[in-house]
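Beneath this line is the structure, given in structure tokens, with notes to follow.
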Amino acid sequence: MEYFDNIKKQAGKPVQINIKNRKITRDNFTCIAGPCTIENYEDLFKIATNLKKIGIEFFRGGTYKMRTSPYDFQGLKEQGLKYIYKVSNELEMISVSEVICAQDVNLMSQYVDILQVGTRNMYNYSLLRELGKISNPVILKRGMSSTIKEWLLAAEHIIEAGNPNVILCERGIRTFENYTRYTLDISAIQAVKNLSNLPVIVDPSHSSGRRDMIESLSLAAVAAGADGLLIETHFSPDETICDSKQTIDLEMLEKILSKTKNIVKVR
Ligand code: PEP
Ligand code: MN
């Protein structure tokens, strides 16, 4: 077996990920937005309603959180899954939420449309293999210290285990720079587009950790070929309990999206 055999087999064929009646492909642009962490039902519903008003069909929100400190809020867990399910049904939107361990895959696949593997778990092969047993699309974030080859091999684990519906997400890597939280690796976008035929999205929120950089990084990512963006958004960013410094409001999101539409047209 070649090292990314399954991914290569798809080379030249457009990968189309179908979820409910939407498609995630390299031919249409996908925007996923929402809070870092779900805090309660009402706020999640309000955010998703506002996203829908500006034409966004995908909402995100963590309910099992991988926090660097054990003393920080760890998420609403199963209660949050119920909120996600209810909001996606009521508003007919697609939900995205992070799965943090193999034991949760089955349960989460029943409540959440798209499961996300966070940067800290890219090397968690038992989790990746478990994700190969379900059919929900999986957003695979790049490990913060992983090479492109390691990232694609992680995708290969999911695909080889039976689930071809993988979306790659560049979310910044660790460098010596600390003005930003991580360093967005713009060149990785084209690299994984060359080496695979999976959709590639970019997360400017976790890569920069800075609200004042979300717009420029989003535009740069789209100009560099990103098939979508994943952006932490809240109607009142400063009041959020997790990642508030990088969370943008809905007005800023709308402005970013209108600019990205123009970039998509000319690239
Ligand atoms: C997230 O998207 O909620 C998240 C924790 O991202 P990352 O794993 O990239 O840090
Ligand atoms: Mn976050």
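Numbering of ligands and ligand atoms starts at 1, following listing order.
With hydrogens left out, the protein atom closest to atom 10 (O) of ligand 1 is R171 NH2, 2.8 Å, a heavy atom. Of the protein's non-hydrogen atoms, the one nearest atom 5 (C) of ligand 1 is E98 OE1, 3.6 Å. At the shortest separation from atom 4 (C) of ligand 1 among protein heavy atoms lies H206 NE2, 3.4 Å. Atom 6 (O) of ligand 1 has as its closest protein heavy atom K141 NZ, 2.9 Å. Nearest to atom 8 (O) of ligand 1 among the protein's heavy atoms is T119 N, 2.8 Å.
The shortest heavy-atom contact between P204 and L230 is CD-O, 3.2 Å. Among all heavy-atom pairs drawn from S205 and E232, the shortest one is OG-N, 2.9 Å.
Near G118, with a cut-off below 4.0 Å to any heavy atom, the atoms of ligand 1 are 8 (O). For ligand 1, the atoms lying closer than 4.0 Å to a non-hydrogen atom of R120 are 10 (O).
Under a 4.0 Å heavy-atom criterion, M144 is not in contact with ligand 1. A heavy-atom separation below 4.0 Å is found between R60 and ligand 1.
Contacts between K65 and ligand 1 below 4.0 angstrom, taking non-hydrogen atoms only, involve the side chain exclusively.
A salt bridge does not link R142 to E150: none of the charged side-chain nitrogens sits closer than 4.0 Å to a carboxylate oxygen. A salt bridge does not link R171 with D203: every distance from a Lys NZ or Arg NE/NH1/NH2 to an Asp or Glu carboxylate oxygen is 4.0 Å or more. Between K65 and D243, no side-chain nitrogen of the basic residue sits less than 4.0 Å from a carboxylate oxygen of the acidic one, so the salt-bridge criterion is not met. Look at R60 and E98 and you find no salt bridge, because none of the NZ, NE, NH1 or NH2 atoms lies under 4.0 Å from a carboxylate O. Contact check on R211 versus D249 returns no salt bridge, with no Lys/Arg side-chain nitrogen under 4.0 Å from an Asp/Glu carboxylate oxygen.
Between the Mn ion (ligand 2) and H206 there is an N/O/S contact shorter than 2.8 Å.
Seen from the Mn ion (ligand 2), atom OE2 on E232 and atom OD2 on D243 lie at an angle near 130° (rounded to 10 degrees).
Here the side chains of F59 and S95 are in contact, with some heavy-atom distance below 4.5 Å.
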